[in-house]
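Notes follow once the structure below has been shown.
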Amino acid sequence: MKKIIKNGTIVTATDTCEAELLIEDGKITQIGSNLSAVGAEIIDAKGCLVFPGGIDPHTHLDMPFGGTVTKDDFESGTIAAAFGGTTTVIDFCLTNKGEPLKKAIQTWHEKAKDKAVIDYSFHLMISEINDNVLKELPQVIEEEGITSFKVFMAYKNVFQADDETLFKTLVTAKELGALVMVHAENGDVIDYLTKKALEEGKTDPIYHALTRPPELEGEATGRAAHFTGLANSQLYVVHVSCAEAAEKIAEARKKGYDVWGETCPQYLVLDQSYLEKPNFEGAKYVWSPPLREKWNQDVLWNALRTGQLQTLGSDQCSFDFKGQKELGRGDFTKIPNGGPIIEDRLTILFSEGVKKGRISLNQFVDITSTRIAKLFGLFPKKGTIAVGADADLVIFDPNIERVISAETHHMAVDYNAFEGMKVTGEPVSVLVRGEFVVRDKQFVGKPGSGQYLKRAKYNVNSQLTQSQTLSI
Ligand code: URP
Ligand code: ZN
Ligand code: ZN
């Protein structure tokens, strides 16, 4: 079915203009004015912005963690993502030491197929580098199109890899054309601090933050960046929460290292004091890295504005308060880490960023979509509005005012981290490959319609292109 989107303002990472879009066979085939096509459905986007669908580079859907499993799976998680204007997610495929990578990837395919309502891809966790892993990795890239590897520097005795593994992963990724992602916190020192806190009877949620101080995120970020420089490789630091880590990324970039940084909505608008909420409610705000002192928010906003941090991920990792977060009553180390953010990622950045003059509208598109597509080998199929690109589009009302609440969100969890927050802007309709998934704020998609995306290899030169103009 052909479609023409009229009367909207088209926004890409570089341009903003009044134009119409013709969609045929899931692709954008014309951008211009007075477009017509026999049999095309006309979609009126009057008063709305039209931008490329968000790409969430950091989700944990249906993931076992902290003695439980995340509440949102590929169905509820991608439905919520779509309501929030996200049309692609890249989820973390966990691996187990000694197990073939293929098996882990198959497990993740099983989780997603028949459920995802938007397109999806996987990053691969690396927990060890040995001959078997080295033999399998080229196939992972060529056959599965998985071109990003994740190494955890924290979560001792669970996910944490040692420095040798991180360094070997960086060297291997350079050879194979993959981007290495790190969770950068010093897991060994955190382990010491948490044990000491428990021994001293400090069991409340706030001690989660106090035992993971920003110095340990800064130290790990700097270490990973040094290794990257030494290996002449490429690095993407996930969920940057504080000045110490943002500074290390900026320093590395100044040296010319190929180092990139992602932050998340929670670090931009919430702070450490939320962990002190009474009646154990602080557990809702337990993330690793933790929420930081409020002044860090300005540092993160400035880093996004000046390009020292380049992307926004949700780090969607949702657990109910009742029955899941509550596992940590009396012992903060047993609170499952993470929160439900997938749905509000774009709105928070738009409302708090664009509307408040902290970033431009074009930066908003770059940070939530275009840059992510380029870093993770999806551009220009995804991440932009251009002839030939997939028609993954968000029709967004930039003026609507609303209040975020668990009562109206679409995630499967029993709370919203931004409960009661007044925001401006909301996706009205969302299309994936030219088909509506959300239409006039109603879900019209189909579980299983999301397609698995094989991604291109990491290429530093394609990160350096600045312009992608609308051909009108
Ligand atoms: O607290 C968090 N961030 N949970 C998700 C797992 C991770 O470390 O990204
Ligand atoms: Zn992490
Ligand atoms: Zn995460």
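Counting starts at 1 for both ligands and their atoms, in listed order. All of these numbers come straight from a predicted model, not from anything done at the bench.
Contact between Y155 and ligand 1 is present, with at least one heavy atom of the residue lying under 4.0 Å from the ligand. Residue M63 places every heavy atom at 4.0 Å or more from ligand 1.
Every atom of ligand 1 is numbered from 1 in the order shown, and the set under 4.0 Å from a heavy atom of C317 is 4 (N), 5 (C).
Using cut-offs of 30° and 60° for the angle between ring planes, the F321 and F280 rings count as tilted.
Counting only non-hydrogen atoms, the option in Q316, H208, H60, E185 that gets closest to atom 6 (C) of ligand 1 is H60.
Remark: F332 pairs with no residue by the ring-ring contact (aromatic ring centres under 6.0 Å, His included) rule, at least two apart or across chains.
Looking at every heavy atom in both residues, Y415 comes nearest to G338 through OH-O, 4.0 Å.
For atom 3 (N) of ligand 1, the nearest non-hydrogen atom of the protein is D315 OD2, 2.6 Å. When only non-hydrogen protein atoms are considered, atom 4 (N) of ligand 1 lies nearest to N337 O, 3.2 Å.
Sorted by first and then second residue, the pairs that involve residues 220-230 and meet salt bridge (Lys or Arg N to Asp or Glu O under 4.0 Å), not counting sequence neighbours, are D163-R223, E219-R223. Pairs of residues two or more places apart, or lying in two chains, never qualify as salt bridge (Lys or Arg N to Asp or Glu O under 4.0 Å) while including a residue from residues 240-267.
The tally of protein N/O/S atoms under 2.8 Å from the Zn ion (ligand 3) stands at 3.
Cation-pi geometry between K150 and F152 is satisfied (NZ or CZ under 6.0 Å from the ring centre, within 45° of the ring normal). At least one test fails for K325 against the ring of F319: distance under 6.0 Å to the centre or angle within 45° of the axis.
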When you look at R292 and D271, which way does the salt bridge (charged side-chain N to carboxylate O under 4.0 Å, His left out) test go after all the steps?
CA-CA 5 Å; R292 302 299 187 185; D271 64 75; over 6 Å; no
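Between the side chains of R345 and S314, no donor-acceptor pair is found at a separation under 3.5 Å.
Considering backbone and side-chain N/O of S288, one or more are found under 3.5 Å from N/O of ligand 1. Of the N or O atoms in W287, none lie within a sub-3.5 Å distance of an N or O in ligand 1.
One distance of note links CG of N186 with NZ of K156; it measures 9.5 Å at 0.5 Å rounding.
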